[in-house]
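As structure tokens, the structure follows; a few thoughts come after it.
Here is how names work: the chains are called A, B, and so on, in the same order as the sequence lines, proteins then strands, and each is numbered from 1.
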Amino acid sequence: MSSRRILVTAALPYANGNIHIGHLVEYLQTDIWVRFQKLRGHECRYFCADDTHGTAIMIRARQEGRSEEELIADMREAHVRDFARFDIEFDNYGSTNSDENRQLCEQIWKSIRDANLVKEKEIEQLFDPEAGTFLADRFVKGTCPKCGAENQYGDNCDKCGSTYSPADLIDPKSALSGATPELRTARHLFIELEQHHEFLNEWTQSGKHLQPEIANYLKGHFLGEELRDWDISRPAPYFGFEIPDAPGNYWYVWYDAPIGYIASTWEWCKKNQVELDDWWRNDETEIHHFIGKDITYFHTLFWPAMLKTAGLALPDRIHIHGFLTVDGEKMSKTKGTFIQASTYAEHLDPNYFRYFVASKLSSRVDDIDLNFDEFKTKVDSDLVGKVVNIASRCAKFVSGSTLSEEYPDDEGLFQLASDAGSRIAEHYEKCEYSSAIREIMVLADRANQYIENKEPWVVRKDKDRQAELQQICTVGLNLFRQIVIYLAPVLPKLASETEKLLNFEIKNWDESASPLVGTPVGKFQHMMTRVDPKKVEQMIEESKDAASVESAPASNFNDGPEALEKEPMTEEHCTIDDFLKVDMRVARVIEAGHVEGADKLLQLKLSLGGDETRNVFAGIKSCYNPEDLVGRLVVCCANLKPRKMRFGVSEGMVLACGPGGKDIFLLNPDDGAVPGMRVH
RNA sequence: GGGGCUGUAGCUCAAUCGGUUAGAGCAGCGGACUCAUAAUCCGUUGGUUGUGGGUUCGAGUCCCGCCGGCCCUACCA
């Protein structure tokens, strides 16, 4: 097989946050693929970098009272440490805030200008006069113009779901300074993507570069109509690179981020005395990007258009993966499933996660789910019970001795496994890791069966059969070694421990096809332990704590979790139909009085307007005087089945909240509501 | 509202181009073994492929409707 030159990237993590287990899926998917390619003898390089620019970084640095450079330096250190703990090995890890990146941004910009793709447009945007900066939509909060809900973001309302422009908000406030933003106009630079429409149509639909579902998505979504201009500049102040021919304007972070792939490559080239053009202007180089589905847009439309304009090599393949869910749901800070990479690594072996992710990943865009029961089962039974067990059952019988000088008859098992090697390789190549893993586990099953049938523990007892014992173990350990080579991209630690045990070095995938003979066998040491469910629990607990500490200062309202803890949320959903069964109405209290003989109850007469009234007994005596209630509006359930009580029939229920005793709070409709209105 | 993806055993997933009786692993059940980290091995239960139609000699696979799930979008991407 001829050696390929392969350039691989994973998306650049944003310097505003720590690496969490969701991110890891991508870096692991990529790392496994790169390790696989290297093991196959190809010239493969893995480049990544921190994505450091943008408003969010600028604002955070300001809040923390330090420079952006200090902030991104710290975050970079944290990122690099997290990756290392998970054995994610980059050939170069750069930064988008580098000289290389600035130069490349300028070069590419020049090509884009020369190609006449840039135009200027005035746009209106909210400006924070105190902070002296334009505000992205999510930095503006105010009252929803449609439904009146307070404290909503500038782009849409979570209460009523309507969308609007931040300028439509009632009483808008800057989330930065609390000042009232002004509407200002600014000139922005745009790239006319439409000029590349035909090229993008062809490139995305060729079937060579994208998964089919992604190609369809683009076709149905963007390519069916005129491509919109891409707003590529941001006025000062902005943390990023200033556009040389438009002073006071900076490149939008999504312009320089992907260029960071090239910048990181360049840094590596400089360190290794290699020409950048050999990698980015060379048809012989394969370029592979691994990204998450959330940033499809940038990598499948803008990025190819930019590269083409600049005369750089286009990616051969963009591998797009789904998100990681935990227990079938989005990762949640309150549930403790928003787990930082560092928190994970403090409690659990990163190899577990590498294996688990590999066993779930395919080439499709589907989300993958982490369920800790499944996680434990998979790691325990596959890795400990099956794979490592093979070595564990054989090694001690030949420890201190050697493998047989000649590879013994093994009923064709070694050959079978080496035939499987090409299929497994193909699965890795196509990013079908789950299939690769499944196939490898079949080999582990067969090896265990072999040992079972040969009963080395019986043979051992017979002095005349020691050569046979050595042969059995030679076969067992060679089958183990094959499996470890196949798993090496996923489990590099297991590979290196096996190298020590069997005194050899894994250099190439093809070594799996020839057996190891005559070499010394070391002392077997446990290579992996079972997943400790207590550690999983601790990790989740710690993730909860970390999340609450982190999120507390972020919110302007320091509402504690006590109420929810006292009365946890109902797990089960109700349907809209269920909800509609409950007919809740605004009502006016027209009579209220004590109930003789009752400790907690007040008797209320509610008017729903007109002649419609309800007699209701409410357990609110401890908190309300009857005379204070008369005349006020309440919310009641008007179709509650009438219930006979000791003191009379209750025909409804008044809505109130609170734990009881001295703390009961009636719900109160806002001004304007009148009796009889239904609550929706 | 528009679009994409998806639904196979209790759970996680296979099933080539439409081709025989829809297969694995885990869990469950019954046995064996005791070398191995309560590991392993043998056997076994389990499916009207979400649902209703259609095309076909033949449909898990292709087409249409319905139901459910996930996601993107709804004029900043």
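OP1 or OP2 of rU6(B) lies within a sub-4.0 Å distance of a side-chain N or O belonging to Arg364(A). Between Lys378(A) and rU12(B), a side-chain N or O to OP1/OP2 separation shorter than 4.0 Å is absent.
Picking from rU37(B), rC26(B), rA14(B) the nucleotide with the shortest atom distance to the side chain of His526(A) gives rU37(B). Across rC35(B), rC42(B), rU12(B), the shortest atom-to-atom separation from the side chain of Arg460(A) is found for rC35(B). Here the nucleotide nearest the side chain of Arg530(A), chosen from rG25(B), rA39(B), rA36(B), is rA39(B). Among the nucleotides rC33(B), rC26(B), rC41(B), the one closest to any side-chain atom of Trp457(A) is rC33(B). Listed candidates were rC13(B), rC26(B), rU37(B). Nearest to the side chain of Val388(A) is rU37(B). In this structure, of rC35(B), rU12(B), rC41(B), it is rC41(B) that holds the atom nearest to the side chain of Gln449(A). Distances were taken from every side-chain heavy atom of Phe524(A) (C-beta onward) to each of rU6(B), rU37(B), rU40(B); the shortest belongs to rU37(B). With rU40(B), rU34(B), rC13(B) as the candidates, the nucleotide lying closest to the side chain of Glu452(A) is rU40(B). Looking at the side chain of Lys360(A), the nearest of the listed nucleotides rC41(B), rC13(B), rU37(B) is rC13(B). Nearest to the side chain of Thr377(A), among rC70(B), rA36(B), rC26(B), sits rC26(B).
The nucleotide rC76(B) finds no pairing partner, because no Watson-Crick or G-U wobble arrangement with both distances shorter than 3.5 Å includes it. The pairing partner recorded for rA9(B) is none, the criterion being a Watson-Crick or G-U wobble arrangement whose two distances lie under 3.5 angstrom. Under the Watson-Crick or G-U wobble criterion, with both distances below 3.5 Å, rC41(B) is paired with rG31(B). Across every strand in view, rC17(B) sits unpaired, with no contact that passes the Watson-Crick or G-U test at under 3.5 angstrom.
One interatomic measurement links the two molecules: OH of Tyr355(A) to C1' of rG25(B), which rounds to 10 Å at whole-angstrom precision. Atoms CD (Glu432(A)) and P (rC13(B)) sit 13 Å apart, rounded to a whole Å. When the P atom of rC76(B) is taken as reference, atom CZ of Phe298(A) falls 14 Å away, rounded to whole Å.
Contacts of Phe302(A) with the nucleic acid, taken as non-hydrogen atoms under 4.0 Å apart, involve only primed sugar atoms and P, OP1 or OP2. Backbone-only engagement by Asn448(A) is indicated by non-hydrogen atom pairs under 4.0 Å involving sugar-phosphate atoms exclusively. Asp294(A) comes within 4.0 angstrom of no nucleic acid atom, judged by non-hydrogen atoms across all strands. Val458(A) comes within contact range of no nucleotide atom at all, as no heavy-atom separation falls under 4.0 Å. Across all strands, Trp230(A) comes closer than 4.0 Å only to sugar-phosphate atoms, never to a base (heavy-atom distances). Within the 4.0 angstrom heavy-atom criterion, base atoms lie near Met528(A).
When the C1' atom is compared between rG2(B) and rC75(B), the two are found 13 Å apart, to the nearest whole Å. Nucleotides rU21(B) and rG65(B), compared at atom C1', are 31 Å apart to the nearest Å. Remark: the separation of the C1' atoms in rG60(B) and rU20(B) is 15 Å, to the nearest Å. Nucleotides rG31(B) and rA24(B) are separated by 23 Å at their P atoms, to the nearest Å. Rounded to a whole angstrom, the distance from the P atom of rA9(B) to that of rC5(B) is 22 Å. Taking atom C1' in both rU45(B) and rG50(B), the straight-line distance is 24 Å, to the nearest Å. Rounded to the nearest Å, the gap between the C1' atom of rC13(B) and that of rU49(B) is 14 Å. When the P atom is compared between rU16(B) and rA32(B), the two are found 40 Å apart, to the nearest whole Å.
The distance between the ring centers of His53(A) and Phe241(A) falls below 6.0 angstrom. Between Trp33(A) and His319(A), the distance from one ring center to the other falls under 6.0 angstrom.
In this structure, Arg228(A) and Leu193(A) approach most closely via the heavy-atom pair O-CB, 3.9 Å. The shortest non-hydrogen separation linking Phe524(A) to Ala395(A) is CB-CB, 3.7 Å.
Electrostatic pairing of Glu432(A) and Arg423(A) does not count as a salt bridge here, judged by no charged N lying under 4.0 Å from a carboxylate O.
Geometrically, Lys360(A) does not engage Tyr433(A) in a cation-pi contact defined by less than 6.0 Å to the ring centre and at most 45° from the axis.
To the nearest 0.5 Å, atoms CG (Asn101(A)) and OH (Tyr261(A)) are separated by 12.0 Å.
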